[in-house]
Amino acid sequence: MPRALLIAINGWDAAPWVAKFRARAPQRDIRVWPDETGNPADIAYVAAWKPPHGLLADFPNLKAIFSLGAGVDHLTNDPGLPGVPVARIVDPDLTKRMTEYVVLHTLMFHRRQRLYDRQQREKIWFEHKQAAAKDVCVGVMGLGELGMDAVAALKHIGFDVAGWSRTAKEIPGVVTFHGRNGLDAFLARTEILVALLPHTPATEGILNLDLFRKLRRDGAAGGAFLINAGRGKLQADADILSALDQGVLAGAALDVFPTEPLPPASPLWAHPNVAISPHNAAVSDPKALVDNVLRQIENFEAEKPLENVIDRKAGY
Ligand code: NDP
Ligand code: OXD
């Protein structure tokens, strides 16, 4: 019976993953794409990050695919994705990293840190009016594994937090909205918008000028702010720039972009009110995540259900 695990990684350094998988599962036949794939019929499992389209269709005995990240759009956008279960990473290591990013940038905007950085360069000792967190409305789009943890941390700091998801949710102390019908009311109260949505046909381009105009600008935060750590294809870069230039947005923290790496010619790089990071809000660390995948395979082979399997119809 085929049992080999193929590691197929594109865009990240595969070496630490391969070393960790081999160290943690010395008894397992572990192959590495492309050079050590061997006979395609031997491959039962693929642990993948951005494999080339069509690759996964090559394995006639494939039983399951594991995304090495929380997002799965790198798999679902492959028209040749086989019909086997696709499981994704849900792990406290990754979740806590994302919460750090969300809290960092929410506080940077709330405490006007970029303004104080500019004042520091000019040696200006001037204190701006500072609102209390309880008076600032933060809205989190996406109440999944990452969104829920970010909501809890933001609540803990004291922000007035709301959330928006596809299906209805009840979260004590958090105002929740769902579906397209709930979006406008969610935006109308939101001053700092945090996007933690997956990229699907339904979410593509959702962060656009029309949406930014619906955010609350007259609240205690002193304007409307965007934080996107979900996926780049949620956002229209040109609309973010227009919104910033028109004062519709007062600032943006962007970890993800429709084209990555962000091209050097993008005006976002030099915009004084934009904070850019290189899609590292929550990196996948092999030290933490290899055991997660191996545990899933062991459970699967013991005929226990796989966890965190995506809903192919919903696309995440
Ligand atoms: P989950 O699948 O757990 O949660 C997704 C959330 O988005 C759910 O609440 C879901 O609603 C909501 N959602 C999906 N589609 C829609 C829609 N059309 N309208 C409204 N809400 C929608 O994902 P995670 O929280 O684990 O991860 C979220 C995303 O974060 C990943 O898909 C990935 O793109 C990104 N990510 C980015 C990283 C980075 O470093 N920048 C690192 C890791 C992940 P419902 O609850 O109703 O299903
Ligand atoms: C992920 C990512 O999806 O790193 O985990 O973007």
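Basis for what follows: all heavy atoms, side chains included, without hydrogens, waters or symmetry-related copies.
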Within the supplied structure, the quantity of interest is the number of heavy atoms (other residues, nucleotides, ligands) at a distance under 6.0 Å from His156 NE2; does it exceed 12? no
Rounded to the nearest 0.5 angstrom, the CH2-CZ distance for Trp164 and Arg180 is 5.0 Å
Give me the atom names and distance for the closest heavy-atom approach of Thr203 to Pro198. OG1-O, 2.6 Å
With ring centroids as reference points, do His199 and Tyr316 lie under 6.0 angstrom apart? no
Any chance CG of Asn181 has more than 12 other-residue heavy atoms, nucleotides or ligands included, within less than 6.0 Å? no
Please report the closest heavy-atom contact between Trp49 and Leu68, naming both atoms and the distance. CE3-C, 4.3 Å
Is Leu289 close to Trp17 at the side-chain level, that is, under 4.5 Å between some pair of heavy atoms? yes
Establish whether Val140 and Val136 are linked, either directly or via other cluster members, by ILVMFWY side-chain heavy-atom contacts under 4.5 Å. yes
Side-chain donor or acceptor of Glu191 paired with backbone N/O of Cys137 under 3.5 Å: yes
Smallest heavy-atom separation, Ala224 atom then Leu215 atom, equals CB-CB, 3.8 Å
Is any side-chain heavy atom of Ser284 less than 4.5 Å from a side-chain heavy atom of Trp12? yes
With Lys214 as reference, evaluate Val248, Asp184, Leu193, Thr190 under the side-chain contact (heavy atoms from CB on, under 4.5 Å) test and give the passing residue. Asp184
At their closest point, which heavy atom of Asp91 faces which heavy atom of Ala288, and how far apart are they? OD2-O, 4.0 Å
Would you please test Tyr45 and Arg28 for side chain to side chain contact (heavy atoms under 4.5 Å, CB included) and show each step? CA-CA 11 Å; Tyr45 312 103; Arg28 187 169 290 279; 3.8 Å; yes
Is there any salt bridge (Lys or Arg N to Asp or Glu O under 4.0 Å) pair reaching into residues 154-170, and which pairs are they, with sequence neighbours excluded? Asp160-Arg189
Linked hydrophobic residues, Leu81 as query - side chain contacts closer than 4.5 Å: Leu6, Trp33, Ile43, Val46, Leu55, Leu56, Phe59, Leu62, Ile65, Val72, Leu75, Val84, Val86, Ile310
Starting at CD of Glu145, measure out to CG of Leu94 and round the result to the nearest 0.5 Å. 10.0 Å
Please examine the side chains of Met148 and Ile171, heavy atoms only from C-beta on, and report whether any two atoms are closer than 4.5 Å. yes
Applying the side-chain contact (heavy atoms from CB on, under 4.5 Å) test to Val290, which of Arg295, Arg24, Arg22 qualifies? Arg24
Value rounded to 0.5 Å, distance of CG in Leu196 from CE in Met98: 5.5 Å
Tyr101 to Ala281 - nearest heavy-atom pair and separation: CG-CB, 3.6 Å
So does Pro263 get a backbone contact from the side chain of Ser266, meaning a donor-acceptor N/O pair under 3.5 Å? no
Distance alone, cut at 3.5 Å: any donor-acceptor contact between the side chains of Glu127 and Tyr116? no
Would you say that His279 contacts Leu262 through its side chain, given a criterion of any heavy-atom pair below 4.5 Å between the two side chains? no
Begin with the C-alpha distance, continue with both residues' side-chain angles, and end with the deciding distance and a verdict on side chain to side chain contact (heavy atoms under 4.5 Å, CB included) for Leu207 and Met141. CA-CA 10 Å; Leu207 301 176; Met141 299 179 99; 3.9 Å; yes
Would you please test Val102 and Leu146 for side chain to side chain contact (heavy atoms under 4.5 Å, CB included) and show each step? CA-CA 10 Å; Val102 171; Leu146 305 183; over 6 Å; no
Any Lys/Arg nitrogen of Arg97 or Asp93 sitting under 4.0 Å from an Asp/Glu carboxylate oxygen of the other? yes
Would you say the side-chain atoms of Asn208 and Asp239 include a donor-acceptor pair closer than 3.5 Å? no
Decide if atom CZ of Arg111 counts as having more than 12 heavy atoms of other residues, nucleotides or ligands within a radius under 6.0 Å. no
Before accepting this row, confirm whether a basic side-chain N of the pair Arg31/Asp42 lies closer than 4.0 Å to the acidic partner's carboxylate O. yes
Residue pair His74, Asn10: steps toward the side-chain hydrogen bond (donor to acceptor under 3.5 Å, both in side chains) verdict: CA-CA 10 Å; His74 65 107; Asn10 216 349; over 6 Å; no
Phe257 vs Ile276 side-chain heavy atoms within contact, under 4.5 Å: yes
Rounded to the nearest 0.5 Å, how far apart are CG of Leu197 and CD of Glu204? 12.5 Å
Hey, are Asp149 and Thr95 close enough side-chain-wise for a donor-acceptor pair under 3.5 Å? no
Is the number of heavy atoms from other residues, nucleotides or ligands within 6.0 Å of NZ (Lys63) greater than 12? yes
Please tell me whether Asp237 and Gln235 have a donor and an acceptor in their side chains that are separated by less than 3.5 angstrom. yes
Between Ile240 and Asn228, does a side chain to side chain contact (heavy atoms under 4.5 Å, CB included) hold up when you go through it step by step? CA-CA 11 Å; Ile240 294 174; Asn228 183 14; over 6 Å; no
Heavy-atom closest contact (Gly223 atom, Ala250 atom, distance): CA-CB, 4.2 Å
Would you check if there is a donor-acceptor pair between the side chains of His128 and Gln119 at a distance under 3.5 Å? yes
Sequence neighbours excluded, which residues qualify as ring-ring contact (aromatic ring centres under 6.0 Å, His included) partners of Phe212? none
If we count only N and O atoms by modelled type, under 3.5 Å, do the side chains of Asp245 and His271 hold a donor and an acceptor together? yes
Validation row: Phe66, Ile297 side chains within 4.5 angstrom (heavy atoms): yes
Would you find a donor on one side and an acceptor on the other, under 3.5 Å apart, between the side chain of Arg88 and the backbone of Ala70? yes
Whether the side chain of Asp311 engages the backbone of Ala314 through a donor-acceptor N/O pair (distance < 3.5 Å, no angle test) should be reported. yes
Test item: Arg114 and Pro272 side chains (from C-beta on) under 4.5 Å apart, heavy atoms: no
Would you mind reporting whether Val103 and Ile157 have side-chain heavy atoms less than 4.5 Å apart? yes
Spell out, as yes or no, whether a donor-acceptor pair under 3.5 Å connects the side chain of Asn77 to the backbone of Asp73. yes
Report the distance from atom CG of Leu306 to atom NZ of Lys304, rounding to the nearest 0.5 Å. 12.0 Å
Just checking Phe159 against His110, ring centres under 6.0 Å apart? yes
Separation of Gln246 CD from Leu241 CG (nearest 0.5 Å): 11.0 Å
